[in-house]
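Owing to the predicted nature of the structure, the values given are computational and were not obtained by experimental measurement. Numbers here simply count residues along the sequence, with the first being 1.
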Amino acid sequence: MMNLLQETQEMLRRHNKTLDNVIWIGDKNKKIAVDDFIKMADREYDNGYGIAEVNEHLVIVGKNWWLERLVYDGKESWDYKTIPQQPDDYGLNIWYEWSGKGDEYFGF
């Protein structure tokens, strides 16, 4: 069993964030106030394998970061995401050139 509020706060703490750093919480259709999330999330749920109990599309968004639900076969947790850093170098080949020998490929 897992408490969603405690799980959320722990994930934020691991990344030096708190609920005070949150800009918005919601999914692609609706949002809720942080205070309402705190009230709703302060309950136990079964985060093990089986049927997901937390909205799989729920996101918690801050400046240049967000938490999204990671669900695998019903097992639930938060996944911390940040905006990727733009590389300085050019020259990426967007295609794999397969060697035909197992999993080997050649990039340029």
Side-chain angles (χ1 to χ4, degrees):
M1 297 298 281
M2 177 70 66
N3 179 286
L4 181 60
L5 179 58
Q6 291 173 2
E7 174 189 12
T8 302
Q9 290 171 321
E10 177 56 32
M11 178 59 81
L12 291 171
R13 196 171 13 260
R14 278 190 233 154
H15 297 280
N16 299 313
K17 308 280 188 252
T18 69
L19 288 167
D20 291 334
N21 299 116
V22 172
I23 297 171
W24 67 276
I25 299 173
D27 65 15
K28 63 183 178 181
N29 297 311
K30 295 183 179 186
K31 63 183 179 178
I32 62 172
V34 173
D35 289 344
D36 290 338
F37 172 80
I38 291 169
K39 291 174 194 168
M40 293 174 70
D42 193 12
R43 69 179 249 199
E44 301 288 317
Y45 77 100
D46 183 354
N47 67 327
Y49 293 105
I51 297 172
E53 295 184 36
V54 179
N55 181 341
E56 296 179 41
H57 305 285
L58 181 65
V59 293
I60 297 178
V61 181
K63 184 177 179 182
N64 297 324
W65 63 270
W66 70 96
L67 299 180
E68 63 185 43
R69 295 304 289 173
L70 181 61
V71 179
Y72 174 75
D73 208 16
K75 185 162 177 56
E76 305 177 60
S77 62
W78 283 117
D79 196 15
Y80 184 85
K81 303 281 188 170
T82 59
I83 296 173
Q85 294 299 309
Q86 183 178 178
D88 293 328
D89 295 335
Y90 282 91
L92 172 70
N93 179 7
I94 64 169
W95 299 103
Y96 288 131
E97 301 296 331
W98 295 98
S99 69
K101 300 176 185 174
D103 290 337
E104 295 178 32
Y105 66 90
F106 301 100
F108 290 88

> What distance separates R69 CZ from N55 CG, expressed to the nearest 0.5 Å?
Replying inline: 9.5 Å
> When rounded to the nearest 0.5 angstrom, what distance separates CZ in R13 from OG1 in T8?
Replying inline: 10.5 Å
>> Test of understanding: clusters of I, L, V, M, F, W, Y form through side-chain heavy atoms closer than 4.5 Å, transitively. Do I51 and V54 belong to the same one?
In response: no
>> Are I23 and K63 packed together at the side-chain level, in the sense that at least one heavy-atom pair is separated by less than 4.5 angstrom?
In response: yes
>> Are E68 and K81 packed together at the side-chain level, in the sense that at least one heavy-atom pair is separated by less than 4.5 angstrom?
In response: yes
>> I'd like to know if L67 and L70 are part of one continuous hydrophobic network [Ile/Leu/Val/Met/Phe/Trp/Tyr, side-chain heavy atoms within less than 4.5 Å].
In response: no
>> Give me the atom names and distance for the closest heavy-atom approach of W65 to N21.
In response: CZ2-O, 3.7 Å
> Between W78 and L4, does a side chain to side chain contact (heavy atoms under 4.5 Å, CB included) hold up when you go through it step by step?
Replying inline: CA-CA 10 Å; W78 283 117; L4 181 60; 4.0 Å; yes
>> Determine whether a donor-acceptor pair (N or O, by modelled atom type, separation under 3.5 Å) exists between the side chain of E53 and the backbone of D46.
In response: yes
> Going through the distances and angles, do N3 and D42 end up as a side chain to side chain contact (heavy atoms under 4.5 Å, CB included)?
Replying inline: CA-CA 6 Å; N3 179 286; D42 193 12; 3.1 Å; yes
> Is it the case that more than 12 heavy atoms not belonging to K75 sit under 6.0 Å from its NZ atom?
Replying inline: yes
>> I'd like to know if M11 and I60 are part of one continuous hydrophobic network [Ile/Leu/Val/Met/Phe/Trp/Tyr, side-chain heavy atoms within less than 4.5 Å].
In response: yes
> If two hydrophobic side chains count as joined below 4.5 Å and joins carry through other members, does M2 share a cluster with L19?
Replying inline: yes
> To the nearest 0.5 Å, how far apart are CD in E44 and CG in L5?
Replying inline: 10.5 Å
>> Set out, in order, the CA-CA distance, both residues' side-chain angles and the distance that settles side chain to side chain contact (heavy atoms under 4.5 Å, CB included) for W66 and I25, then state yes or no.
In response: CA-CA 9 Å; W66 70 96; I25 299 173; over 6 Å; no
> Stepwise, does the side chain to side chain contact (heavy atoms under 4.5 Å, CB included) test hold for I32 with L58?
Replying inline: CA-CA 10 Å; I32 62 172; L58 181 65; 5.7 Å; no
>> So, using ring-ring contact (aromatic ring centres under 6.0 Å, His included) as the criterion, who are the partners of H15 when residues are at least two apart?
In response: Y80
> Which residue pairs satisfy the ring-ring contact (aromatic ring centres under 6.0 Å, His included) criterion with at least one member in residues 19-47, sequence neighbours excluded?
Replying inline: none
